[in-house]
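A, B, ... follow the sequence lines: proteins, then strands. Residue 1 opens every chain.
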There are 2 protein chains.
Amino acid sequence: MTTLSTVPEPASRSPKGEQTRQAIVAAALDLFRERGYDRTTMRGVAEAAGVSLGNAYYYFSSKEHLVQAFYDRVQEEHRAAAEDVLARETTFAGRLQGLLDAWVRIAQPYHEFAGKFFKNAAEPTSPLSPFSEDSRPARDASTALFREVLDGSDLKLAPALRAEMPELLWLMHMGVVLFWVYDGSPDQRRTRALVAQAVPLVDKLARMTRLPLVRGVVDDVVGLVRAVRP
Amino acid sequence: MTTLSTVPEPASRSPKGEQTRQAIVAAALDLFRERGYDRTTMRGVAEAAGVSLGNAYYYFSSKEHLVQAFYDRVQEEHRAAAEDVLARETTFAGRLQGLLDAWVRIAQPYHEFAGKFFKNAAEPTSPLSPFSEDSRPARDASTALFREVLDGSDLKLAPALRAEMPELLWLMHMGVVLFWVYDGSPDQRRTRALVAQAVPLVDKLARMTRLPLVRGVVDDVVGLVRAVRP
DNA sequence: GTCTATAGTGGGATAGAC
DNA sequence: GTCTATCCCACTATAGAC
């Protein structure tokens with residue numbers, strides 16, 4: 001969900017209001033984790049935060065807007081984790097796997113209820129959609145992370161592919177997120193297996209792109225991506 | 001959305017009940033088309049059908065279950081179109097492209113409407129999800145269609161891949177549906193471009209799977225699919 | 001600008017009588 | 001199988017305290 005997040009909140013807010021806002025967010029996240037999204041009521045959130053229902057709505061104009069807070073938290077944690085990974089790992093596979101693993105680990109506590117409000121992000125016209133204009137900053141930030149995965153690594157790619165690769169890796173991340181949302185296995189074991197097996201495969205495929213036999217396919221893929229982009 | 005549908009209803013139902021059921025479905029489809037999914041209420045459906053709210057719930061245990069009626073309509077049209085295509089085309093690429101093109105063409109009139117309730121189907125716990133247990137019969141039926149694409153074609157595949165291929169093609173179909181839902185271009189032009197370019201690429205890749213150099217990758221892909229399946 | 005209290009409305013879903 | 005009555009809760013509205 002990292003990349004579904006909106007951009008960081010503006011800086012200027014009164015300390016008092018900020019405190020109340022944080023209390024509401026904290027209460028909401030606790031309740032979401034405890035009872036899931038649907039069975040968490042705005043009344044419950046307000047009560048747990050020690051504010052009135054009206055006040056909760058003063059800060060978050062709908063229950064869905066509280067979801068933004070969740071996005072922001074996961075994104076922040078992922079960004080921090082990514083810094084460690086990228087400072088540590090030098091191989092392409094290591095960096096990619098590190099990033100994706102970190103995301104799965106960070107998002108895990110929220111898995112159960114994440115599915116419940118996933119639909120907010122899935123609605124094509126929603127600003128929470130990963131492909132929306134509103135999400136562009138977050139999407140660009142996430143894509144930049146994957147560009148770093150490439151820049152700091154040992155990977156050599158066919159040049160035509162190199163330019164498209166960060167976006168393709170971001171798409172892969174979206175695929176993992178999608179899989180994760182639907183993954184009902186304990187501790188999202190299947191998603192972890194997916195990442196563990198897909199990363200070496202992608203690594204292998206990427207390294208093959210400079211073979212003569214594969215060049216034609218690479219050109220096709222790049223052509224497809226470019227033809228299909230809005 | 002074809003493949004999100006449930007299987008045809010069981011045969012045995014009282015004529016009385018069946019009539020009521022049909023009235024509710026007809027009213028629901030009218031209202032969905034007129035005002036969209038969200039702004040159609042169960043009260044409105046019940047009233048338009050001339051039954052009580054409670055009675056509507058007797059037949060459809062949730063609003064989402066009413067959407068199945070829409071799925072069934074599209075699915076029926078696609079199945080019929082598929083028969084023509086599969087009787088006519090003999091190449092793998094021709095059969096695959098025919099099936100996907102037919103789906104895009106059939107679904108086109110519903111594009112706007114589909115976007116509105118797509119989020120409901122995207123929810124993992126929803127019975128409308130293509131991966132739900134409720135959708136299994138429809139999913140199996142759709143997969144069988146893609147198995148036919150292979151069976152009647154000239155394509156030779158690496159044996160290990162052959163067994164997994166129908167399901168992979170179904171996944172590809174889901175990818176096209178996903179892309180289609182988000183496609184805001186006029187007449188879903190981008191989706192058509194996607195299909196037109198992806199099919200030859202898939203065809204080329206499939207034919208490469210028997211090359212020695214590619215065998216390792218094929219095994220990896222098959223291993224990945226098997227490790228990751230529920 | 002922040003917050004409370006209270007009184008609504010609308011609509012999804014259910015219980016239980018008939 | 002059908003209804004009526006009811007619950008629950010997201011969400012709105014508003015009047016006013018600090």
Side-chain angles (χ1 to χ4, degrees), chain A residues 9-29 31-32 34-70 113 116-120 123 126-128, chain B residues 9-10 12-28 30-32 34-70 116-117 119-121 123 125-128 134:
Chain A
E9 296 292 333
S12 62
R13 246 200 299 261
S14 83
K16 178 80 172 298
E18 190 51 35
Q19 202 177 345
T20 305
R21 185 188 201 86
Q22 290 306 328
I24 295 170
V25 166
L29 290 182
L31 290 176
F32 284 161
E34 269 173 44
R35 345 217 282 219
Y37 181 73
D38 284 343
R39 298 209 342 270
T40 296
T41 69
M42 286 298 275
R43 284 171 175 78
V45 170
E47 191 182 353
V51 303
S52 70
L53 176 64
N55 201 17
Y57 275 106
Y58 175 78
Y59 285 100
F60 298 93
S61 54
S62 80
K63 194 172 162 182
E64 295 189 356
H65 276 80
L66 276 170
V67 171
Q68 305 248 13
F70 162 73
F113 77 89
K116 293 293 190 193
F117 58 70
F118 171 67
K119 61 179 189 180
N120 298 312
E123 160 123 52
S126 164
L128 293 182
Chain B
E9 296 293 332
S12 62
R13 248 202 296 264
S14 83
K16 175 84 172 298
E18 192 50 37
Q19 201 177 346
T20 306
R21 184 187 201 89
Q22 289 306 328
I24 295 170
V25 166
D30 281 355
L31 289 176
F32 284 160
E34 268 174 45
R35 346 217 279 218
Y37 180 76
D38 285 340
R39 298 210 340 271
T40 297
T41 70
M42 286 298 276
R43 282 169 173 79
V45 170
E47 191 181 355
V51 302
S52 72
L53 177 63
N55 201 16
Y57 273 104
Y58 175 78
Y59 285 100
F60 298 93
S61 55
S62 81
K63 187 175 165 183
E64 298 191 345
H65 278 82
L66 274 171
V67 176
Q68 302 266 6
F70 162 74
K116 292 293 187 203
F117 66 71
K119 61 176 187 180
N120 301 286
E123 172 153 14
T125 56
S126 165
L128 297 181
D134 290 66

### Task
Using a heavy-atom cut-off of under 4.0 Å over every strand shown, decide if A:Gly50 touches base, sugar-phosphate, or nothing.
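The answer is sugar-phosphate, as A:Gly50 gets under 4.0 Å only of primed atoms, P, OP1 or OP2.
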### Task
State the CG-CG distance between A:Leu66 and A:Leu29, to the nearest 0.5 angstrom.
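Between atom CG of A:Leu66 and atom CG of A:Leu29 there are 8.0 Å.
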### Query
How many angstroms lie between NE2 in A:His65 and OH in A:Tyr59, if you round to the nearest 0.5 Å?
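Those atoms lie 15.5 Å apart.
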Compare side-chain N and O positions of [X] against OP1 and OP2 of [N] and report whether any pair is under 4.0 Å apart.
| X | N | value |
| --- | --- | --- |
| A:Tyr58 | C:dC3 | no |
| A:Asn55 | C:dT2 | no |
| A:Thr20 | C:dT2 | no |

## Note on the structure
For nucleotides 8-18 of chain C, 5' to 3', base contacts (B), sugar-phosphate-only contacts (S) and non-contacts (-) with protein non-hydrogen atoms under 4.0 Å give B--BBBB----
### Task
Under the salt bridge (charged side-chain N to carboxylate O under 4.0 Å, His left out) rule, collect the residues that match up with B:Glu64, sequence neighbours excluded.
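Expected list: none.
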### Query
What is the distance, rounded to the nearest whole Å, between atom NZ of A:Lys16 and atom C1' of C:dG1?
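My rounded result for the distance is 10 Å.
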### Query
Does B:Arg21 make a cation-pi contact with B:Phe60, if we ask for NZ or CZ under 6.0 Å from the ring centre and within 45° of the axis?
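That pair qualifies as a cation-pi contact.
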### Task
Assess A:Lys63 against A:Tyr57: is NZ or CZ under 6.0 Å from the centre of the six-membered ring, and within 45 degrees of the ring's axis?
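No, cation not above the ring by the 6.0 Å, 45° rule.
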### Task
Decide yes or no for B:Phe32 and B:Val67: does some side-chain heavy atom of the first lie under 4.5 Å from some side-chain heavy atom of the second?
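Touching, per the 4.5 Å side-chain cut-off.
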